[in-house]
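Side chains included, hydrogens not; waters and symmetry mates left out as well; all remaining heavy atoms used.
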Amino acid sequence: MSKEEKIILAAIDVFREKGVEKTKVSDIVKSAGIAQGTFYLYFPSKLSVMPAIATIMVEKIMSEVNHRFQDNASIEDKLEQIVDAVFYLTKEYRDVFALVYAGITQTEHLKEWETIYAPFYEWMNNFLKQAQNAGAIRDSLNTERSSKLIIGLIESAAEQIYLYDDFDEENAAIQKQELLNFLHHALGLRI
């Protein structure tokens with residue numbers, strides 16, 4: 001593991017334990033087992049670690065989506081697999097997602113959000129284009145724009161349950177079903 005990776009993973013742990021405001025760079029380097037000067041070779045401040053943490057979380061989402069994704073499944077099942085993956089990770093890492101959102105909005109790094117999400121947007125765009133080419137969704141759909149909208153909608157629905165509300169599994173299941181119904185309608189899904 002590189003020193004940069006050690007810093008990022010240590011930052012996640014310390015932010016989860018102490019919160020963004022109470023965390024100091026000295027806490028992160030102690031947890032990472034590196035010198036404080038080494039931290040500054042990679043990051044100018046504790047908040048500048050946030051885009052790297054966000055990148056890891058997007059990589060986790062894409063890994064989980066790819067793990068669940070079955071090429072031979074119907075478009076309906078594929079959409080459900082994507083939604084399930086995002087809901088699962090939002091639930092499992094709700095504190096990390098909350099930290100990233102809180103930390104990244106406090107900095108100039110918010111403008112990096114689109115770059116961080118670019119691989120996921122591209123993946124979704126390809127998925128939608130394939131579905132469109134197969135005649136499974138409406139021809140008039142702008143897949144590039146819709147990719148961003150769909151990812152944002154799925155994440156927002158998951159965050160609403162796991163970050164903002166007092167969640168329970170029944171409400172999560174209802175939210176997922178409403179989301180899937182909405183996506184089916186918006187995509188003009190041809191069953």
Side-chain angles (χ1 to χ4, degrees), residues 50-105 107 109-191:
M50 289 301 175
I53 295 171
T55 299
I56 287 174
M57 296 314 295
V58 170
E59 288 169 358
K60 283 185 180 296
I61 291 170
M62 290 187 62
S63 176
E64 186 67 23
V65 167
N66 284 320
H67 172 73
R68 291 174 184 250
F69 204 74
Q70 299 171 354
D71 286 330
N72 59 346
S74 69
I75 183 78
E76 291 173 287
D77 289 342
K78 288 177 181 178
L79 281 171
E80 188 169 351
Q81 292 160 5
I82 296 165
V83 168
D84 284 345
V86 173
F87 269 64
Y88 167 75
L89 282 170
T90 305
K91 178 182 176 184
E92 290 299 308
Y93 292 97
R94 63 184 169 270
D95 56 340
V96 177
F97 281 110
L99 285 169
V100 169
Y101 296 144
I104 214 162
T105 58
T107 70
H109 298 291
L110 185 59
K111 60 187 168 235
E112 295 176 42
W113 202 253
E114 291 299 299
T115 304
I116 292 166
Y117 267 80
F120 195 16
Y121 293 152
E122 183 178 338
W123 184 93
M124 182 65 77
N125 184 40
N126 289 335
F127 165 68
L128 293 174
K129 279 185 179 183
Q130 288 174 358
Q132 199 173 50
N133 291 338
I137 61 175
R138 63 185 168 89
D139 295 331
S140 62
L141 185 78
N142 181 312
T143 59
E144 191 172 331
R145 286 192 179 109
S146 295
S147 297
K148 292 179 180 185
L149 292 171
I150 290 169
I151 290 169
L153 179 63
I154 295 170
E155 287 188 337
S156 179
E159 291 159 9
Q160 186 177 17
I161 292 292
Y162 297 116
L163 269 62
Y164 311 126
D165 293 344
D166 292 327
F167 73 90
D168 64 52
E169 291 306 317
E170 184 178 341
N171 281 338
I174 292 168
Q175 182 88 330
K176 277 189 213 177
Q177 192 55 58
E178 285 296 320
L179 174 61
L180 288 167
N181 291 343
F182 183 87
L183 288 172
H184 291 179
H185 181 72
L187 295 172
L189 191 66
R190 299 179 184 126
I191 303 170

How about R138: does its CZ atom have over 12 heavy atoms from other parts shown lying under 6.0 Å from it?
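Buried by this count: over 12 neighbours within 6.0 Å.
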
Are more than 12 heavy atoms from other residues, nucleotides or ligands located less than 6.0 Å from atom CD of E92?
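Above 12, so yes.
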
Please check this pair: side chain of [X] against backbone of [Y], looking for a donor-acceptor N/O pair closer than 3.5 Å.
{"X": "R94", "Y": "E159", "result": "no"}
{"X": "E80", "Y": "L180", "result": "no"}
{"X": "S146", "Y": "N142", "result": "yes"}
{"X": "N125", "Y": "Y121", "result": "no"}
{"X": "Q132", "Y": "I137", "result": "no"}

Salt bridge (Lys or Arg N to Asp or Glu O under 4.0 Å) evaluation trace for E64 with K60:
CA-CA 6 Å; E64 186 67 23; K60 283 185 180 296; over 6 Å; no

Give, for atom [atom1] of [X] and atom [atom2] of [Y], the distance between the pair rounded to the nearest 0.5 Å.
{"X": "Q130", "Y": "K78", "atom1": "CD", "atom2": "NZ", "value": "7.0 Å"}
{"X": "I150", "Y": "I82", "atom1": "CD1", "atom2": "CD1", "value": "8.0 Å"}
{"X": "D139", "Y": "N133", "atom1": "CG", "atom2": "CG", "value": "9.0 Å"}
{"X": "L89", "Y": "M57", "atom1": "CG", "atom2": "CE", "value": "6.5 Å"}
{"X": "Y117", "Y": "M124", "atom1": "OH", "atom2": "CE", "value": "11.5 Å"}
{"X": "L179", "Y": "I161", "atom1": "CG", "atom2": "CD1", "value": "10.5 Å"}

F97 and Y93: aromatic ring centres closer than 6.0 Å?
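Not under 6.0 Å, so no.
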
Kindly say whether the aromatic ring centers of F69 and F127 come within a distance under 6.0 Å.
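Yes, close enough.
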
Which heavy atom in [X] sits nearest to a heavy atom in [Y], and how many Å separate them?
{"X": "K148", "Y": "E114", "result": "NZ-OE1, 3.3 Å"}
{"X": "A73", "Y": "D77", "result": "CB-CB, 3.9 Å"}
{"X": "Y162", "Y": "A172", "result": "OH-CB, 3.4 Å"}

Within the structure provided, determine whether [X] and [Y] are in side-chain contact (heavy-atom separation under 4.5 Å).
{"X": "K176", "Y": "D84", "value": "yes"}
{"X": "L183", "Y": "V83", "value": "yes"}
{"X": "L79", "Y": "L187", "value": "yes"}

Students often mix this up, so state it plainly: with edges at 30° and 60°, are the rings of W123 and F120 parallel, tilted or perpendicular?
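Taking F120 first and then W123, their aromatic rings sit tilted (interplane angle of 30° to 60°).
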
Assess, by modelled atom type and distance only, whether the side chains of Q177 and N181 contain a donor and an acceptor separated by less than 3.5 Å.
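Q177 vs N181: donor-acceptor pair found between side chains.
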
